[in-house]
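Atoms considered below: every heavy atom in the structure, side chains included; atoms not considered: hydrogens, waters and symmetry mates. Atoms within a ligand are numbered from 1 in the order they appear, just like the ligands themselves.
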Amino acid sequence: MRKSVDLVVVGLGHVGLPLAHRATEAGLRTVGLDVSETVVNGLSAGRSHVGGVDDAKVAAMLGAGFEATVDPTVLGAARTVVICVPTGLARDGTPDLSSVEAATRSVATELRPGTLVVLESTSYPGTTRDLVRPLLEDASGLRAGEDFHLAYSPQRIDPGNAHWTVRSTPKIVSGHTPRCAKRATAFYGRLVDNLVVARGTREAEMAKLLENTYRYVNIALVDEIALFCHESGIDTWDVLHCAATKPFGYAPFTPGAGVGGHCIPVDPHYLAAGAAAQGFPFRMLAAAHDVLGRMPGHVVERALRLLTEVRGDPRGARVLLLGVSYKPGVADVRESPARPVAAGLRAVGVEVSYHDPYVDGFSVEGRPLSRATELATALDGSDLAILLQEHPCYDMGQLVRARCALLDTRGRAAGRRVTLL
Ligand SMILES: NC(=O)c1ccc[n+]([C@@H]2O[C@H](COP(=O)([O-])OP(=O)(O)OC[C@H]3O[C@@H](n4cnc5c(N)ncnc54)[C@H](O)[C@@H]3O)[C@@H](O)[C@H]2O)c1
């Protein structure tokens, strides 16, 4: 029989590993469970695969007794289990909850009376109550709220953000019953400085979707403003600058080549699907989806026009993409808009390479993109550079002085050879 552990984190990715780190730091005896041997072997050997939790932090975790495993029987020894597995999209764009179902089944097989089970994965309202709860109850014969505690607490982690950490970011907590909420609050109170208790699990699930849909819709709004301003010869970035000076009632967003990452492009589909299942058509989402989908194509179109101006024919031109991760200062390339931009340029015979200090390899439609490591040389050898991500290492002065033209999708550069989105 295993010694009991305070916490088992199921899924050691971008959400699970920082949570396990924080729990270990707070003195909880923590085990991480993952289906990936690569992840578990890497962590056991002291290697991190997640930005924000570096190797030194993994070493500190191991030193404090953290253990990573692929063995699900550890779940039977847990006082608390937190599920942090992916909730992506199926090929047809609908929610794929297969990982949540698989993880919940593993938990159900080992569930003991008194355990607190928390779902942190993002999903549509009702997932904890109507999907996770029956899977746990049916396989274990135990009842949520009576024999074990069930909770939902969305993760708000912001990769690359040194100020707002797992500990300092306020966390929403909710329970299947008030007693479940109380138990979950006691658990998270050991890890997080400020907790916000939602009325129930559906409110907490919905709040997470609102947060990310808010970004999705507002980015689509400024993207469409940018498209319109470009058509009309209005300076988009001056408009944004002016509007952002309003001290109340306005939150600034910036346009770009599209939205990326695991949350913003994905979560609104969960909201749309959850609403559609109840016969509720979410009109804002469809409009935002349409605008966001046009942005990579718009960047390609603008780049081709510039290449035609500088060298007559875009075919055979050399274009350097600056920053291919989905946001500044991180290595994560999931859903990065750099992919459709590169694919669109390649499709018309442009030679595309990339520079990104965070991203070691980047493939587009199964073909790797050539990586430039020496920025000055790469700029020299290109006809056009496209600034996609404003990584902290980029010096606008260097980009502006470069021999090649610059298409700046972030609105940061100014100069003779610079064109803003
Ligand atoms: N990445 C973010 O910034 C972020 C922020 C807030 C919320 N979320 C949400 O958190 C959830 C997790 O996202 P992530 O970015 O950490 O995913 P991830 O892909 O980085 O990591 C998920 C991990 O879960 C493991 N896994 C998959 N199925 C499993 C199973 N059945 N049992 C055990 N392990 C399993 C995978 O091997 C992987 O290591 C998603 O719902 C996501 O939407 C993510």
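- In this structure, the protein non-hydrogen atom closest to atom 34 (N) of ligand 1 is Val35 N, 3.4 Å.
- Nearest protein neighbour of atom 41 (O) of ligand 1, counting heavy atoms only, is Thr87 OG1, 2.5 Å.
- Residue His49 places every heavy atom at 4.0 Å or more from ligand 1.
- Nearest residue to atom 12 (C) of ligand 1 from Val40, Val85, Val9 is Val85 (criterion: closest heavy atom).
- Of the heavy atoms in Cys84, only backbone atoms (N, CA, C, O) come closer than 4.0 Å to ligand 1.
- For Asp147, there are no side chain to side chain donor-acceptor pair (under 3.5 Å) partners at least two apart in sequence or on another chain.
- Close approach of ligand 1 to Ser121 (heavy-atom distance below 4.0 Å) involves ligand atoms 11 (C), 41 (O).
- For the residue pair Asp71 / Thr69, no side-chain donor-acceptor distance below 3.5 Å is found, with atom types taken as modelled.
- Looking only at protein heavy atoms, the nearest one to atom 4 (C) of ligand 1 is Cys263 SG, 3.3 Å.
- For ligand 1, the atoms sitting less than 4.0 Å from at least one non-hydrogen atom of Arg334 are 1 (N), 15 (O), 17 (O), 18 (P), 19 (O), 20 (O), numbered in the order shown with element in parentheses.
- The closest side-chain donor-acceptor pair between His355 and Tyr394 falls under 3.5 angstrom.
- Residues Asp92 and Thr94 have side chains that bring a donor and an acceptor to within less than 3.5 angstrom of each other.
- Counting only heavy atoms of the protein, atom 24 (O) of ligand 1 lies nearest to Gly11 CA, 3.3 Å.
- Atom 42 (C) of ligand 1 has His262 ND1, 3.5 Å as its closest protein atom, hydrogens excluded (heavy atom only).
- Residues Thr73 and Glu110 have side chains that never bring a donor and an acceptor to within less than 3.5 angstrom of each other.
- Remark: Arg339 engages no residue in a salt bridge (charged side-chain N to carboxylate O under 4.0 Å, His left out) (not counting sequence neighbours).
- Judged purely by distance below 3.5 Å, without hydrogens or angles, the side chains of Ser48 and Lys57 never pair a donor atom with an acceptor atom.
- Looking only at protein heavy atoms, the nearest one to atom 8 (N) of ligand 1 is Val15 CG2, 3.5 Å.
- Every atom of ligand 1 is numbered from 1 in the order shown, and the set under 4.0 Å from a heavy atom of Val10 is 32 (N), 33 (C).
- Ring planes of Tyr216 and His289: parallel class, angle under 30° (limits at 30 and 60°).
- In Arg156, neither the side chain nor the backbone holds a heavy atom less than 4.0 Å from any atom of ligand 1.
- In terms of protein heavy atoms, atom 9 (C) of ligand 1 is closest to Thr122 OG1, 3.5 Å.
- Of the N and O atoms on the side chains of Arg79 and Ser4, at least one donor lies less than 3.5 Å from an acceptor on the other residue.
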